[in-house]
Amino acid sequence: MAGNLGRADAGQIQAWLEAINEFNSTPEFGTTRVLFTEPEVKAREYVKGEMRKLGLKIQEDAIGNIFGLYEGTEPNLAPVWTGSHIDTVLNAGMFDGMSGVVAGLEAVRLIKEAGLRPRRSLAVVVYTSEEPTRFRLGCLGSRALAGKLDAAAAYALHDAEGKSLYEVLADLGFPVGDFAQVAKKKDEVFAAVELHIDQTGVLEKAGQTVGIVKTICAPSVLEVTVEGRQSHAGGTSMSERRDAYMAACEMALAAEKLGRESTSEYTTVTVGKVQVIPNAVNVIPGKVLFSLDIRDADFAYKNKLAADFRQQAEAIATCRGVNVTIREVNNDHPMPCDAHIRQLIEENCRKLQVPYMQTISGAFHDSMLVGEFAPVAMIFVPSHGGISHSPQEWTDFAEIAAGTDVLTETLLALASA
Ligand code: GLV
Ligand code: MN
Ligand code: MN
């Protein structure tokens, strides 16, 4: 049956990616498409339009996840999902997330073109806000599907303007009254496979086209607030000052050291957001807020690292005469990918003669949450220099096409099971 499949069209993939990339609030510097801003809403409409052209049936849930359904011959069976996200971080590239959505569209196009209709339905999914850009929490759509973000949580999440996720959804006309129906039960989805760009650079370095993900590392996000004493830069002697910024720097360096000295398989520690108050040349900062993003393939190790950081931050605060408070914003679980689907992907790489390797995902993905209720796997394609979350992000369309061929065969096999 799979023999009738054509090969993914790199030109079609490029056309879709470039069209989505037109919906951009920062065309002068990379791509910015933040959840439910005008470009993001327009990009959703565009993708839905392309789904319709492919003859997919569109469904949207209360949190705005989009499902483009290609019905199987036994539509009552649990479906197979593929997809990713179309929102971006600030000043991003055009591949992170979008590649997975476009690969899903291309896979279904190929399956339909070959006249194939497997038993199980296939759904191309656009998950709402994988990036934490607007609400400081990532994977909103997949989190809700996993039963970890309900209506009350959507009320409690606020953007920088103080608007709750729930209000934003209601204003846009999403059926917020149906929030309770978003979460999936364990047997509702047969399998989910997400294609994504590699964001570490290992594939390019190893000269491989596909990465079969073993584990998706998960983040803990801490919000650290350091309070010292605001005072005059010239008038306060070096021994008298209680400088919140210098204390925060020492804490950040302590966190970095914990990350560098990790004995876990994969750990990263990042201070990505810093707010200095009052942020003036001649004033000793009285208050600093910074984010600490800790990722690990091992949940217990991540928690131990976070606990060690707390201890060290408190010791630094005492030593420097400042106060520190640490709030856990979230703490996700790393997700192992399903052994059977990984095996299928491997077989398809061999069959299609696509060079592949096993890898780990340092980035989180919607599959990390989807894995809470369905077997998941991920297919990575190379990113130049591993650069991502940057306007320099680049993946060759031909390599996305090669990954899409592996995805298509894998989806077909799963949907035929
Ligand atoms: C998702 O983009 C992440 O930060 O890993
Ligand atoms: Mn990303
Ligand atoms: Mn992504």
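Both ligands and their constituent atoms are indexed starting at 1 by order of listing.
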Looking at Glu45 and Lys42, does any basic side-chain N land under 4.0 Å from a carboxylate oxygen? no

Using the side chain to side chain contact (heavy atoms under 4.5 Å, CB included) rule, pick out the option among Leu145, Asn65, Leu165 that qualifies with Leu140. Leu165

I'd like to know if the side chain of Thr26 and the backbone of Glu28 have a donor-acceptor N/O pair within less than 3.5 Å. no

Arg295 bridged to Asp293 by N-O distance under 4.0 Å: yes

Going by the side-chain hydrogen bond (donor to acceptor under 3.5 Å, both in side chains) test, name the single residue among Gln353, Glu346, Glu347 that passes it with Arg350. Glu346

What is the number of protein N, O or S atoms that sit under 2.8 Å away from the Mn ion (ligand 2)? 3

Strictly under 6.0 Å, is that where the ring centroids of Phe299 and His333 end up? yes

Do the side chain of Arg117 and the main chain of Glu71 share a donor and acceptor less than 3.5 angstrom apart? yes

Pocket residues of ligand 1, ordered first by chain and then by residue number (heavy-atom cut-off under 4.0 Å): Glu130, Glu131, Arg295, Ala363, Phe364, His389

What one should report as the nearest heavy-atom pair of Ala317 and Asn323 is CB-C, 4.5 Å

Ile197 and Ser388: which non-hydrogen atoms are nearest, and at how many Å? CD1-OG, 3.8 Å

